[in-house]
Amino acid sequence: MFDVSLAVVSALECALEGMPFAKDAGIPVAAGVVFGALAGSVLLVRRRWPIAVVLVSIAITPAEMGFLMGVVGLYTLAAAELPRRIIASLAGMSLVGTMIVTFVKTRQDMSRGDLDIGDWFVPFAAITMSLGFTAPPVLLGLYVGARRRLMESLRERADSLERELQLLAERAEERAEWARNEERTRIAREMHDVVAHRVSLMVVHAAALQAVARKDPEKAVRNAALVGDMGRQALTELREMLGVLRSGGGDVRRERAASVPLVAVGVAAAAAASRAADDEGPSLAEIEELVGQSAAAGMVVAFSVEGDARSYAPVVEQAAYRVVQEALTNVHKHAAGAKTYVRLAHRVSEIAMQVENEPPEEAASSARLPSGGNGLVGMKERVSALGGVFVSGPTDAGGFRVSAVIPAS
């Protein structure tokens, strides 16, 4: 509507200016009015074809028409996304055209006596009028165009930043989900290692207790005491693990309730809880006691250590302990009565462990211990997470072997 209004005003202006032009040119007044109206209405297409509007305004400048069309056309041309050389060329043509027409018109007025001023006024008036009609719209158009491009650039940058923030939020949520999954897997693995081994020993001792209760009361008492010790140890380890989870979980919930973008803080808290659990876990020094517990449960087990014993990172020692623990648990479950060898080797830059059992005797009973099939998977996950190598499988003699190598750092 604004462009239509400008075009109507421009057509009326040119139509009125067409009447004196028709008289001076010796043509019918109606023809001059129609010509002016048609020329002025070209302003309607100024946004799409600003060059055409400026060229028409320059063409009708000798007829002293199109003042509004020239000013608006130059403004639109300067504000448009056009090369600067085109803008400068058309603005220069308009400046020269206006200067020539003003110069001729002023000189004619002075020759007729309409103006009684010195000759210096003619060039002054021509230069002043041409600059006044050309420079302000061009400069304003250049400013508006630059400001428009700046605003568009800022808007695009804001949109890009918003997309980047959205992408970062999505990635943070993905990392948080990954951290939660990893934490759930770690908790499940810890629960499996703690409960499966202790409860398996308790079941073995309970079966032995049932078998010797009447024949050997003293041995039954010892087995009952061992079952109680196993149960207390399992409860102690479970309490320690649950205590770590409670201390880390509250911070995660509070941070997540405070603000969604603080998901990373929750991830850090979960990681801290995981590290705390690792620091409080078992160590290599407890493997001999672990082997002794299996021996007390009736397993024929041989334990050997190669190399000079030294300390490792807590997470490495815990992983080594859990591998031996789970391997012994599998022997209790699937090869009760089989002779077992536990070997631990301290090397230059790694620690290696191997648990191998001979084929079980036919008469041996596994006390019908259930198996969830997660033990080997959990051991492999532990070792792989530390950059180590885990191998398990049956031996040529019919037994089973579990081997793992973990880097020292």
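Judged purely by distance below 3.5 Å, without hydrogens or angles, the side chains of Tyr341 and Gln354 never pair a donor atom with an acceptor atom. Judged purely by distance below 3.5 Å, without hydrogens or angles, the side chains of Arg322 and Gln325 pair a donor atom with an acceptor atom.
Using a 4.5 Å heavy-atom threshold, the side chains of Val383 and Val389 count as separate. Side chains of Val323 and Met379 form a contact here, defined as non-hydrogen atoms less than 4.5 Å apart. Looking at Val405 and Arg347, their side chains come closer than 4.5 Å, going by heavy atoms from C-beta outward. Side-chain contact between Trp49 and Val42 is absent, with no heavy-atom pair separated by less than 4.5 Å. Looking at Leu376 and Asn330, their side chains come closer than 4.5 Å, going by heavy atoms from C-beta outward. Val324 places a side-chain heavy atom less than 4.5 Å from the side chain of Val342. Here the side chains of Val144 and Tyr75 are in contact, with some heavy-atom distance below 4.5 Å. Contact annotation: the side chain of Arg382 never approaches that of Ile406 to less than 4.5 Å [non-hydrogen atoms, C-beta and beyond].
Scanning both residues, Gly387 and Pro407, for their nearest heavy atoms gives O-CG, 3.6 Å. Nearest heavy atoms, Leu284 versus Ala320: CD2-CB, 3.6 Å. For Ser283 against Tyr321, the heavy-atom pair with the smallest separation is O-CD1, 3.5 Å. Nearest heavy-atom pair, Met353 versus Ile351, reported as atom, atom and distance to 0.1 Å: CE-O, 3.7 Å. Counting all heavy atoms, side chain and backbone alike, Val316 lies closest to Ala408 at CG2-O, 4.3 Å. Of all non-hydrogen atoms in Phe133 and Leu74, the two that sit nearest each other are O-CD1, 4.0 Å.
In this structure, CD on Gln318 lies 10.0 Å from CD on Glu286, to the nearest 0.5 angstrom. Note that CD of Glu358 and CD of Glu356 are 8.0 Å apart. Values are rounded to the nearest 0.5 Å. In this structure, His332 NE2 and Thr340 OG1 are separated by 8.0 Å, a value rounded to the nearest 0.5 Å. One distance of note links CG of Leu139 with OG1 of Thr134; it measures 10.5 Å at 0.5 Å rounding. Rounded to the nearest 0.5 angstrom, Lys380 NZ and Glu326 CD are separated by 15.0 Å. Annotation: the span from Met69 atom CE to Thr76 atom OG1 amounts to 11.5 Å, rounded to 0.5 Å.
Looking at Asp396, Thr395, Val355 one by one, the single match for side chain to side chain contact (heavy atoms under 4.5 Å, CB included) with Arg401 turns out to be Thr395.
A side-chain donor-acceptor contact under 3.5 Å links Ser57 to the backbone of Val54. Of the possible polar contacts, none joining the Ser160 side chain to the Glu156 backbone as a donor-acceptor pair under 3.5 Å is found. Looking at Glu317, its side chain does come within 3.5 Å of a backbone N or O of Tyr312 through a donor-acceptor pair.
A salt bridge does not link Glu152 to Arg149: none of the charged nitrogens lies less than 4.0 Å from a carboxylate oxygen. Between Arg155 and Glu162 no salt bridge is recorded (no basic side-chain N to carboxylate O distance below 4.0 Å).
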Go through the steps for Arg163 and Leu167 under the test side chain to side chain contact (heavy atoms under 4.5 Å, CB included), then give the verdict. CA-CA 6 Å; Arg163 288 192 297 269; Leu167 182 60; over 6 Å; no
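Counting non-hydrogen atoms of neighbouring residues, nucleotides and ligands closer than 6.0 angstrom, the CZ atom of Arg310 exceeds 12 such neighbours.
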